[in-house]
Amino acid sequence: MRVVYTTGLDELTPYHDHAAEFVSAAFAPRSGINPLSAESTPARNITEGVFASAVEGARTPLPDGIAAQLPAALFLSHLLLALYGVYDDSAEQARTRRLLDRGLALVKLALPLARLPLLRKSLAELLALVGEVRP
């Protein structure tokens, strides 16, 4: 997952100086470049597919229900990280990269808990809730 997130940030870096203008256009609910719009479905599907490949390639597989819902949540976290990066004025968006490191550390702690029956249902509910953000 680190490779997916880092690559995404690296691809956005050359556009950092102009990213705020892009974000203002992308936030418009009816904008075709809104990442949650119907017009953005193909790009969203590609990004979620990359996250799905990362989930499928994990050394220790996740329960099927969790693995199926996780890519959509990871896509949304990618959007939030990119948004944070737009407003990060630290050198080379160092704060954004620290946020990524800390977030991935939390994921590394949380995902093994998905294998515990007691916590699996709660995590599945959380992922379903996050999935409601998608169109």
Side-chain angles (χ1 to χ4, degrees):
M1 280 192 270
R2 177 177 303 284
V3 171
V4 176
Y5 281 109
T6 302
T7 301
L9 290 175
D10 291 346
E11 291 296 316
L12 294 173
T13 298
Y15 308 102
H16 186 263
D17 291 343
H18 307 288
E21 291 84 17
F22 174 76
V23 167
S24 65
F27 271 147
R30 293 185 187 96
S31 171
I33 63 169
N34 181 316
L36 300 177
S37 71
E39 294 88 350
S40 293
T41 298
R44 188 172 51 251
N45 288 344
I46 289 168
T47 305
E48 283 185 15
V50 172
F51 280 114
S53 294
V55 169
E56 291 166 10
R59 286 182 221 139
T60 307
L62 293 168
D64 289 341
I66 303 295
Q69 292 178 309
L70 191 56
L74 295 173
F75 167 75
L76 290 173
S77 69
H78 169 69
L79 290 180
L80 291 171
L81 185 67
L83 178 62
Y84 184 82
V86 166
Y87 296 101
D88 180 358
D89 58 358
S90 64
E92 298 178 4
Q93 292 77 51
R95 289 193 323 250
T96 302
R97 294 182 188 270
R98 274 196 311 274
L99 179 64
L100 172 60
D101 290 341
R102 294 179 79 186
L104 287 174
L106 287 173
V107 169
K108 186 177 180 179
L109 288 173
L111 286 181
L113 299 175
R115 293 180 194 87
L116 301 174
L118 180 64
L119 297 174
R120 186 177 308 140
K121 184 174 184 206
S122 297
L123 183 55
E125 287 293 323
L126 177 63
L127 289 172
L129 175 67
V130 170
E132 288 294 321
V133 173
R134 293 185 72 237

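Just so it is clear, the structure is predicted and the values come from calculations on it, not from any experiment.
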Please report the closest heavy-atom contact between [X] and [Y], naming both atoms and the distance.
X	Y	result
Pro35	Ala26	CD-O, 4.1 Å
His18	Glu21	O-OE1, 2.8 Å
Pro71	Ala67	CD-O, 3.1 Å
Ser90	Ala94	OG-N, 2.9 Å
Pro29	Asn34	CA-ND2, 3.9 Å

Return yes if some donor-acceptor pair links the side-chain N/O of [X] with the main-chain N/O of [Y] below 3.5 Å, else return no.
X	Y	value
Thr47	Phe75	no
Ser37	Ser40	yes
Tyr5	Leu74	yes

If hydrophobic clusters are built by linking Ile, Leu, Val, Met, Phe, Trp and Tyr wherever their side-chain heavy atoms come under 4.5 Å apart, do [X] and [Y] end up in the same one?
X	Y	answer
Val50	Leu62	yes
Leu116	Val107	no
Leu104	Phe51	yes
Leu80	Val130	no
Val4	Leu100	yes

Which value, rounded to the nearest 0.5 Å, describes the distance between [X] atom [atom1] and [Y] atom [atom2]?
X	Y	atom1	atom2	result
His78	Thr7	NE2	OG1	10.0 Å
Phe27	Leu36	CZ	CG	9.5 Å
Asp89	His16	CG	NE2	7.5 Å
Arg115	Thr60	CZ	OG1	5.0 Å
Gln93	Leu99	CD	CG	12.5 Å
Leu12	Leu83	CG	CG	11.0 Å

task: Test Leu113 against Leu123 for side chain to side chain contact (heavy atoms under 4.5 Å, CB included), laying out the working first.
output: CA-CA 9 Å; Leu113 299 175; Leu123 183 55; over 6 Å; no

- prompt: Between the side chains of Arg44 and Thr41, does any donor sit under 3.5 Å from an acceptor?
  reply: yes

- request: Report the C-alpha separation of Leu70 and Leu111 in whole Å, then their side-chain angles, then the decisive distance to 0.1 Å, and conclude whether the side chain to side chain contact (heavy atoms under 4.5 Å, CB included) test is met.
  value: CA-CA 10 Å; Leu70 191 56; Leu111 286 181; 4.1 Å; yes

[X] atom [atom1], neighbour heavy-atom count above 12 within 6.0 Å:
X	atom1	value
Leu118	CG	no
Tyr87	OH	yes
Asp64	CG	no

- prompt: Can you check whether Thr6 reaches Arg97 side chain to side chain, under 4.5 Å on heavy atoms?
  reply: yes

- request: Begin from the C-alpha positions of Ile33 and Glu39 and carry the test side chain to side chain contact (heavy atoms under 4.5 Å, CB included) through to its verdict.
  value: CA-CA 7 Å; Ile33 63 169; Glu39 294 88 350; over 6 Å; no

